Protein chains: 2
Amino acid sequence: MDTNVTQLLKTYELKVTPQRMCIVEELMKNGHLSIDELYEKIRERFPSLSLATVYKNIHAMMDKNFIKEVKIPNVKSKFELTKNDHAHIICEKCGKVEDVDVNSLSIIKEVEEKSSYKIDHTDLIFSGICPECLTKES
Amino acid sequence: MDTNVTQLLKTYELKVTPQRMCIVEELMKNGHLSIDELYEKIRERFPSLSLATVYKNIHAMMDKNFIKEVKIPNVKSKFELTKNDHAHIICEKCGKVEDVDVNSLSIIKEVEEKSSYKIDHTDLIFSGICPECLTKES
DNA sequence: GCCTAATAGAAAATAATTGTCAATAGAAAA
DNA sequence: TTTTCTATTGACAATTATTTTCTATTAGGC
């Protein structure tokens with residue numbers, strides 16, 4: 001996995017540093033993390049890492065399209081590794097964020113017809129209650 | 001329209017002040033505004049208004065569900081008066097934000113089936129090029 | 001191993017948002 | 001109306017969030 005991360009960083013033209021590897025590994029492990037969550041996670045393994053470095057790397061990685069920001073209502077932005085297009089679901093109870101593949105072709109078509117825009121990108125966030133919280137709740 | 005705004009504020013249990021009326025009027029006129037845009041617009045008519053007051057009112061109005069925050073990729077959040085559920089389109093060229101009504105029932109159903117979440121809310125942002133910029137561009 | 005440009009970390013600088021507090025202004029009651 | 005009470009305003013300070021600056025260090029090519 002180390003090699004994996006190294007390769008990944010190189011693919012995106014990012015110099016391989018221990019700090020960056022750490023960031024990527026945490027994102028692989030956790031999926032979606034805010035700046036603060038990321039910083040805390042990493043400090044457990046890498047106490048010397050500074051917050052400014054997290055910010056700088058987040059930007060460097062976004063510039064290379066290696067990671068993406070996910071803006072979610074009511075909470076701080078999360079970051080994730082870039083993957084195939086997908087939507088996000090957030091549980092309003094426990095705050096968990098998950099990916100979900102949806103077929104957005106028809107809704108894009110609908111939007112294009114109604115608006116006359118040429119759409120090239122979507123950000124779809126669904127909020128609700130996850131199956132785990134649903135069972136606990138009833 | 002004055003009376004209109006006054007009534008609106010009262011409906012949402014918000015004390016009617018000139019500052020608030022100004023905020024609401026600008027949102028009615030412009031549709032979607034960031035904090036800064038709102039502040040600038042209002043200062044033209046109401047130079048004494050302070051930025052802190054804008055923030056405080058934005059929060060008061062969000063608490064009463066009178067306005068909503070719209071989080072858009074790459075740009076600062078915009079605020080809009082609460083209306084019927086709708087999606088948003090942003091033009092990547094000129095930055096214009098518009099509402100669009102979409103039928104999201106089937107996509108919600110798809111998400112619920114794939115994720116086992118119970119979805120109660122969606123935030124759908126579509127990015128692309130608006131018809132005006134499309135014509136200019138070619 | 002050596003060289004060069006990029007990166008990390010500490011700290012300061014800037015930007016964004018929120019809190020404090022005295023003065024004032026809505027709105028309800030007298 | 002006038003009075004009273006509480007919420008709001010605006011100036012300012014305080015926080016919080018993010019970015020920049022600067023120097024020492026390090027990655028990666030030769």
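Any value given below was found using the heavy atoms of this structure, including those in side chains, with hydrogens, waters and symmetry copies removed. So that the names make sense, note that chain A is the first sequence line, chain B the second, and so on, each numbered from 1. All of these numbers come straight from a predicted model, not from anything done at the bench.
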**Report entry** Pairs meeting criterion salt bridge (charged side-chain N to carboxylate O under 4.0 Å, His left out) with involvement of residues 120-132 of chain B, two or more places apart
**Finding:**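 Salt bridge (charged side-chain N to carboxylate O under 4.0 Å, His left out) check on residues 120-132 of chain B returns B:Lys96-B:Glu132.
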Who pairs with B:His59 by ring pair (Phe, Tyr, Trp, His ring centres under 6.0 Å), at least two apart in sequence or on another chain?
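In terms of ring pair (Phe, Tyr, Trp, His ring centres under 6.0 Å), with neighbours along the sequence ignored, B:His59 is linked to no residue.
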Roughly how many Å is it from [atom1] in [X] to [atom2] in [N], rounded to a whole number?
X: B:Glu13; N: D:dA7; atom1: CD; atom2: P; result: 13 Å
X: B:Phe46; N: D:dT8; atom1: CZ; atom2: P; result: 15 Å
X: A:Asp36; N: D:dT15; atom1: CG; atom2: C1'; result: 14 Å

Note to self: Under 4.0 Å, heavy atom to any atom of DNA chain D: which of residues 62-80 of chain A qualify?
What the structure shows: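 Output list: A:Lys76.
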Handout entry: Pairing of A:Lys41 and A:Glu44 as salt bridge, 4.0 angstrom limit
Key =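 Here A:Lys41 does not pair with A:Glu44 in a salt bridge, since their nearest N and O are not under 4.0 Å apart.
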Exercise. Does the distance from a Lys or Arg side-chain N to an Asp or Glu carboxylate O, for A:Lys78 and A:Glu37, drop under 4.0 Å?
Worked result: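 The answer is yes: the pair qualifies as a salt bridge.
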- Contacts of B:Lys118 that satisfy side-chain contact (heavy atoms from CB on, under 4.5 Å) - sequence neighbours left out: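 With sequence neighbours excluded, B:Lys118 shows a side-chain contact (heavy atoms from CB on, under 4.5 Å) to A:Leu134, B:Glu112, given in chain and number order.
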- Considering residues at least two apart in sequence or located in another chain, which fulfil the side-chain contact (heavy atoms from CB on, under 4.5 Å) criterion with A:Ala87?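 A:Val100, A:Val102, A:Leu124, A:Phe126.
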For the atom pair [atom1] ([X]) and [atom2] ([Y]), what is the distance rounded to the nearest 0.5 Å?
X: B:Ile125; Y: A:Ile119; atom1: CD1; atom2: CD1; answer: 11.0 Å
X: B:Ser127; Y: B:Ile89; atom1: OG; atom2: CD1; answer: 10.0 Å
X: A:Ser104; Y: A:Lys109; atom1: OG; atom2: NZ; answer: 13.5 Å

Q. With B:Arg45, which residues qualify under salt bridge (charged side-chain N to carboxylate O under 4.0 Å, His left out), at least two apart?
A.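 Per chain and number, B:Arg45 pairs via salt bridge (charged side-chain N to carboxylate O under 4.0 Å, His left out) with B:Glu25, B:Glu26.
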- State which residues pass salt bridge (charged side-chain N to carboxylate O under 4.0 Å, His left out) with A:Glu13; sequence neighbours excluded, sorted by chain then number.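 A:Glu13: salt bridge (charged side-chain N to carboxylate O under 4.0 Å, His left out) contacts with A:Lys64.
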Any donor-acceptor N or O pair under 3.5 Å, side chains B:Thr53, B:Gln19
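No.
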If you apply the rule salt bridge (charged side-chain N to carboxylate O under 4.0 Å, His left out), what do you find for A:Asp101 with B:Lys114, and how did you get there? CA-CA 8 Å; A:Asp101 288 315; B:Lys114 285 184 173 160; over 6 Å; no
* Among residues two or more places apart or on two chains, list those pairs meeting ring-ring contact (aromatic ring centres under 6.0 Å, His included) that have a residue in residues 75-95 of chain A. =>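 Checked against ring-ring contact (aromatic ring centres under 6.0 Å, His included) - neighbours excluded - the pairs reaching residues 75-95 of chain A are A:His32-A:His88, A:His86-A:His88.
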* **Positional range of nucleotides in DNA chain C within the contact set of chain B, heavy-atom, under 4.0 Å** =>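 Terminal contacting nucleotides, 5' to 3': C:dA16 to C:dA27.
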Using a cut-off of strictly less than 4.0 Å between a heavy atom of the residue and any atom of DNA chain C, enumerate the qualifying residues of residues 48-60 of chain A by number.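 Here the set is A:Ser48, A:Leu49, A:Ser50, A:Ala52, A:Thr53, A:Lys56, A:Asn57.
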A correct 5'-to-3' footprint of nucleotides 23-30 of chain D, with B, S and - meaning base, sugar-phosphate only and no protein heavy atom under 4.0 Å, is ----BS--
Report for the helix from C:dG1-D:dC30 to C:dA30-D:dT1: angle between first-end and last-end helix axes, five pairs each, rounded to 10 degrees.
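Between the axes fitted at each end of the helix from C:dG1-D:dC30 to C:dA30-D:dT1 lies an angle of 40°.
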Quiz prompt | Residue that, paired with A:Leu9, satisfies side-chain contact (heavy atoms from CB on, under 4.5 Å) out of A:Asn4, A:Val16, A:Thr17 | solution =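 Among A:Asn4, A:Val16, A:Thr17, the one meeting side-chain contact (heavy atoms from CB on, under 4.5 Å) with A:Leu9 is A:Val16.
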